[in-house]
Structures are given as C-alpha cells and as structure tokens.
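Report on one structure; see the data block that follows.
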Amino acid sequence: MKKVYIETMGCQMNKSDAERMYGMLEHLGYTQTEEPKQADMLIINTCSIRQLSEDKAYSAIGVWGKWKKKNPDLKIVFAGCVAQQKGQELFRRAPYVDLVLGTQRLYELPELVKKIEAGERVVSCEEKPYEESDIQINRIKSINAWVPIMEGCNNFCTYCIVPYTRGRERSRKPELILAEVKKALAEGFKEITLLGQNVDSYGKDLEGWNLSRLLKEINALEGKFRIRFVTSYPTDITDELIDTVIELDKVCEYFHIPMQSGDDYVLKKMNRRYDFSTYKKICEHIRTRIPDVTITSDFIAGFPGETEEQFENTLKAMTELELDYSNTAAYSPREKTVAAKWVDLYIPENVKNERLARLNEHNRKCCLASNKKYVGREMEVLIEKFEGVNERGKNVITGRTRNNKIVHIPYDKDITGEFVNVKITNARTWYLNGELI
Ligand code: SAH
Ligand code: SF4
Ligand code: F3S
C-alpha cells in the first residue's frame with residue numbers, strides 16, 4: 001500500500017477539501033499517514049489569505065524538495081488556494097513539484113494522480129468550477145462533520161484574495177448535501193457544520209432554495225444532533241434566517257458575522273456594504289430575538305490609511321456590541337486586490353503590530369465578559385474530547401454549549417459524543433469550567 005500525507009493550512013474549507021482528497025486517494029490504493037517522512041505522496045493544501053500563510057507553504061515544501069532529491073519516486077502535490085492563484089508559476093519556484101492542483105479542480109485529483117504516477121508534471125487550476133461527483137470522504141475523527149454547501153465569493157472586499165482563489169459563488173446541489181449529511185449522521189457524527197465563504201448566499205443560483213430551506217431539511221432528519229453554519233455576511237442575514245434559527249431545535253444559537261472594522265470610512269474603503277450602525281442593528285436584532293446567542297466576528301488592524309482614531313472606533317465597536325469573540329489579523333497586502341495598490345497608504349509594520357496587540361487585548365476582555373454571563377447557569381454540552389489529567393491531577397473532558405462556548409468538566413470517563421447537562425462554575429478568558437448535573 002502506498003502512503004499519502006496531507007499538510008493542511010487555512011480555514012475549515014481547506015480541512016474539508018483534505019478529507020475529500022484522502023477519500024479519493026484511498027480509491028487509488030493510498031492509505032493516510034500522519035508521518036510525512038513515510039509518505040510516497042506529499043500534498044500541501046495551502047492558504048493565501050495573508051502573506052505569512054503563503055510563505056509557510058513555501059518553507060514547508062522546500063524541505064520536501066530536499067527529500068525528493070534522495071527519493072526521486074516521491075510525488076509532491078501543491079494544492080489549495082495558493083495553487084489556484086499562482087498556477088504554472090509554482091513550477092519555477094518549486095521545480096520538484098509534480099502536480100499543481102487549484103481548489104476549483106479538486107475532483108480531478110484521481111485522474112491527475114494517474115498522470116503523475118506515469119511521470120508527467122501537470123498544472124490544473126483554470127478558473128472553471130469543478131463538476132462534482134459523489135465521492136468518499138475520509139473525515140477527521142471528531143464529533144463534528146464539515147459539510148460545504150457553497151463555495152466562492154462575489155463580494156470583492158478590497159483586501160481579500162478569496163474571490164480569486166475560490167472563484168464566484170456557487171451552491172452545491174441540495175440532494176448531494178443531504179446525502180452527505182445523512183451519511184455523516186449514520187457514521188455517528190453529532191454535529192454538522194455547514195460551510196461556505198458566504199453561507200447566506202446559499203441557493204441564489206438554485207431555483208427555490210435558500211439557507212433557511214436547507215436548514216429545515218437537515219433539521220428534519222432523525223436523531224439528536226446539532227447544526228451550525230459559517231460564515232455569514234452581515235447584510236445577508238435575513239429575518240427568515242433568524243426565524244429559522246429560533247424555530248429549529250437542532251440549529252444552534254451561534255452566528256459568525258465578520259465586521260472587519262468599526263469605522264464607517266474604513267468599511268467603505270474595504271468595500272463592505274454596511275456601516276457601523278447597520279451592523280449594530282443586525283446584532284441587536286439577533287440578540288433581542290435569540291436569547292444567549294453568541295455572535296463572533298473578524299477584524300483587520302492597520303488597513304491602508306487607517307488612522308489611530310479610526311482604529312479606536314474598532315475597539316469601541318467590540319465593546320459596544322458586546323462581541324463574544326473575534327478573530328484578528330494585521331492587514332497583509334495581497335496580489336491582485338485593490339487595496340494592495342494603495343502603497344502610499346500602507347501602515348508601517350510596527351504600528352500595525354501594535355494595533356493588533358491592542359485589538360487582541362480588547363478581544364480577551366470581551367471574551368471574559370461574555371463568558372462571565374454564564375456562571376451559575378445550566379447548559380447542554382456536547383462532549384468533544386477526553387483530555388486526561390489536568391495540572392491539578394483531575395481527569396477532564398471538554399465540550400461545547402449550543403452557543404459555542406468551550407466547557408471543561410472534571411470527569412473520569414471518556415464520554416465523547418454524548419450530550420450532558422452542566423452547571424457552569426467559573427469563567428476563564430477562552431473557556432468555562434463546569435460540573436455535570
Ligand atoms: N467570507 C468571510 C471571511 C473570509 S476570509 C467574510 O466575508 O467575512 C477570513 C478573514 O480573514 C476575513 O474575515 C478577514 O478578517 C481576514 N482577512 C482577509 N484578507 C485579509 C488580508 N489581506 N489581511 C489581513 N486579514 C485578512
Ligand atoms: Fe473575502 Fe469579503 Fe468575500 Fe469575505 S466577503 S471572502 S472577506 S471578499
Ligand atoms: Fe485561506 Fe483559501 Fe480558506 S485563502 S482562508 S484556505 S478559502
């Protein structure tokens with residue numbers, strides 16, 4: 001049996017793609033290994049959201065190139081978002097690569113592997129969305145199954161590379177999604193997370209479908225399980241969707257709604273289609289209608305031209321909106337994007353990093369404040385992991401509440417996959433402590 005190792009960087013969409021690649025390769029006689037040195041085929045599944053993520057890919061693959069000198073039969077595949085964006089050019093940078101596989105050509109993997117096994121070198125990353133086939137998926141062992149429902153983005157925020165790496169928005173066929181969800185539930189998965197760059201756009205290209213209808217169909221499937229969906233574009237969250245979340249018992253009280261900046265001028269320059277007060281209304285609307293809802297966000301520090309005052313509006317927004325958690329990043333110029341051309345407006349590295357540090361500090365405060373709200377409450381937790389002995393010598397299990405809070409619970413048995421009721425005893429910045437009731 002030949003062995004394949006996949007190194008995955010980036011977001012859940014890439015993780016989901018890796019599960020699909022493993023599935024397709026198993027049919028060609030490859031087994032999965034966690035040990036790159038033992039592999040006959042190495043795949044790097046890359047992310048290009050920031051320069052740092054792209055650079056990480058090049059340094060990882062440089063090491064593999066050295067291995068190939070000693071073992072010329074080793075096959076190296078450059079996949080993911082950097083592959084989709086750079087294509088042929090990667091052969092010049094890394095001449096030992098056998099296959100460059102763009103995200104939009106994922107399902108061609110089996111035929112392309114046959115070609116590289118026969119000694120060819122191939123690039124496949126033209127912007128032509130793949131024809132999806134019903135394939136095996138070798139999922140990561142966990143209680144949660146990632147299920148992509150749409151891919152791509154039509155928004156073209158001025159900083160973002162994603163529309164160039166994942167192409168235009170397109171929805172997967174509902175029957176394929178439902179079949180995949182049914183299979184995951186039959187395999188014992190307890191949580192289904194629907195994935196997409198803009199999940200609320202689901203169905204715009206399908207007659208009679210939208211995210212609410214899809215959620216209803218999945219919610220109607222038998223068994224006890226949870227449903228989540230990420231990521232939402234603020235102004236695409238409809239009243240119908242909020243009603244659906246309220247109405248459906250399996251859909252969790254959790255929204256990830258990236259805001260990016262709390263300043264109206266910066267938002268405009270980012271080409272986001274809302275201002276602070278619009279975003280605030282959306283948040284308030286969700287919070288009044290759905291008690292205990294968790295709202296998380298993403299923010300960028302040091303966007304070209306951002307003044308100290310504009311940056312402070314972001315800090316203010318985080319506090320005022322009581323955001324439960326935010327992903328943060330310093331602005332990184334990306335090739336082809338509009339903002340990358342505003343070189344004169346670039347914020348110096350040290351200022352960006354200083355702002356990022358303040359953003360992170362603010363985020364920690366918001367997280368702790370959010371977690372404290374739940375001390376003393378009883379909550380349903382889905383156990384994800386048996387952690388083993390903690391620093392105080394006690395066995396600990398961890399899980400999540402419906403509203404996506406991580407809870408640590410002292411317990412001696414591995415009950416991964418079970419739903420339990422927990423009393424929250426203490427709040428930390430990144431998690432809650434609780435006891436089984
Ligand atoms: N579709 C989602 C986000 C996808 S990208 C949305 O619309 O919000 C994930 C996050 O990466 C973004 O929310 C943004 O905060 C961050 N990001 C994207 N491009 C970036 C860049 N050039 N520099 C720094 N952060 C970036
Ligand atoms: Fe990127 Fe904007 Fe699309 Fe999100 S909505 S993926 S940030 S272009
Ligand atoms: Fe990165 Fe591509 Fe996801 S750029 S964040 S892996 S869509």
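For ligands, and for the atoms within them, numbers begin at 1 and follow the listed sequence. Throughout, numbering of the chain's residues begins at 1 and tracks the sequence. Fair warning: this is a prediction, and the values are worked out from it, not measured in the lab.
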What is the closest protein heavy atom to [atom], and at what distance does it sit?
{"atom": "atom 8 (S) of ligand 2", "value": "Cys157 N, 3.4 Å"}
{"atom": "atom 4 (Fe) of ligand 2", "value": "Arg272 NH1, 4.1 Å"}
{"atom": "atom 5 (S) of ligand 2", "value": "Asn155 ND2, 3.3 Å"}
{"atom": "atom 1 (Fe) of ligand 2", "value": "Cys160 SG, 2.3 Å"}

For the residue pair [Y] / [X], report whether a side-chain donor-acceptor contact shorter than 3.5 Å exists.
{"X": "Thr296", "Y": "His256", "answer": "yes"}
{"X": "Gln51", "Y": "Arg334", "answer": "yes"}
{"X": "Lys365", "Y": "Thr319", "answer": "no"}
{"X": "Thr193", "Y": "Asn144", "answer": "yes"}

Atoms in ligand 2 with a heavy atom of [X] nearer than 4.0 Å:
{"X": "Pro163", "result": "8 (S)"}
{"X": "Tyr159", "result": "7 (S)"}
{"X": "Val162", "result": "6 (S)"}

* Is it true that Gln197 lies under 4.0 Å from ligand 3, counting heavy atoms only? -> yes
* Going by an N to O cut-off under 4.0 Å, is there a salt bridge joining Glu387 and Lys385? -> yes
* Structure fact -> Partner of Val123 under side chain to side chain contact (heavy atoms under 4.5 Å, CB included), picked from Val100, Leu90, Val97, is Val100
* Cationic tip of Arg358 within the cone over Phe311's six-membered ring, i.e. under 6.0 Å and within 45° of the normal? -> no
* Taking the six-membered ring of Phe299, is NZ or CZ of Arg355 closer than 6.0 Å to its centre and within 45° of its axis? -> no
* Asked: So do Ile300 and Glu306 actually touch side chain to side chain, heavy atoms under 4.5 Å?
  -> no
* Given side-chain hydrogen bond (donor to acceptor under 3.5 Å, both in side chains), test Glu247 with Asn219 step by step and report yes or no. => CA-CA 10 Å; Glu247 188 187 310; Asn219 194 79; over 6 Å; no
* Part of Pro258 with heavy atoms under 4.0 Å of ligand 2, whether side chain, backbone, both or neither -> neither
* Of the side chain and backbone of Cys153, name the one, both, or neither that has a heavy atom under 4.0 Å from an atom of ligand 2. => side chain
* Once the angle between the rings of Tyr58 and Phe78 is folded into 0 to 90°, is it parallel (under 30°), tilted (30 to 60°) or perpendicular (over 60°)? -> tilted
* Taking the six-membered ring for Trp, are Phe229 and Phe255 parallel (under 30°), tilted (30 to 60°) or perpendicular (over 60°)? -> perpendicular
* Which atoms of ligand 3 sit under 4.0 Å from any heavy atom of Arg166? -> 7 (S)
* To do: Tell me the protein N, O or S atoms under 2.8 Å from atom 1 (Fe) of ligand 3, in chain and number order.
  => Cys47 SG
* To do: Show the numbers, then the answer: is there a salt bridge (charged side-chain N to carboxylate O under 4.0 Å, His left out) between Glu312 and Lys316?
  => CA-CA 6 Å; Glu312 282 171 13; Lys316 276 190 219 145; 5.7 Å; no
* To do: Tell me, yes or no, whether the heavy-atom count around Lys372 atom NZ, taken from other residues, nucleotides or ligands under 6.0 Å, exceeds 12.
  => no
Identify all pairs of nitrogen or oxygen atoms, one from ligand 1 and one from the protein, separated by less than 3.5 Å, and list them with distances.
unit_1, atom_1, unit_2, atom_2, d
ligand 1, 1 (N), Gln197, O, 2.9
ligand 1, 7 (O), Arg272, NH1, 3.2
ligand 1, 8 (O), Gln260, NE2, 3.2
ligand 1, 13 (O), Gln260, NE2, 2.7
ligand 1, 13 (O), Asp298, OD2, 2.6
ligand 1, 15 (O), Gln260, OE1, 2.7
ligand 1, 22 (N), Tyr159, O, 3.0
ligand 1, 22 (N), Ser332, O, 2.8
ligand 1, 23 (N), Ser332, N, 3.0

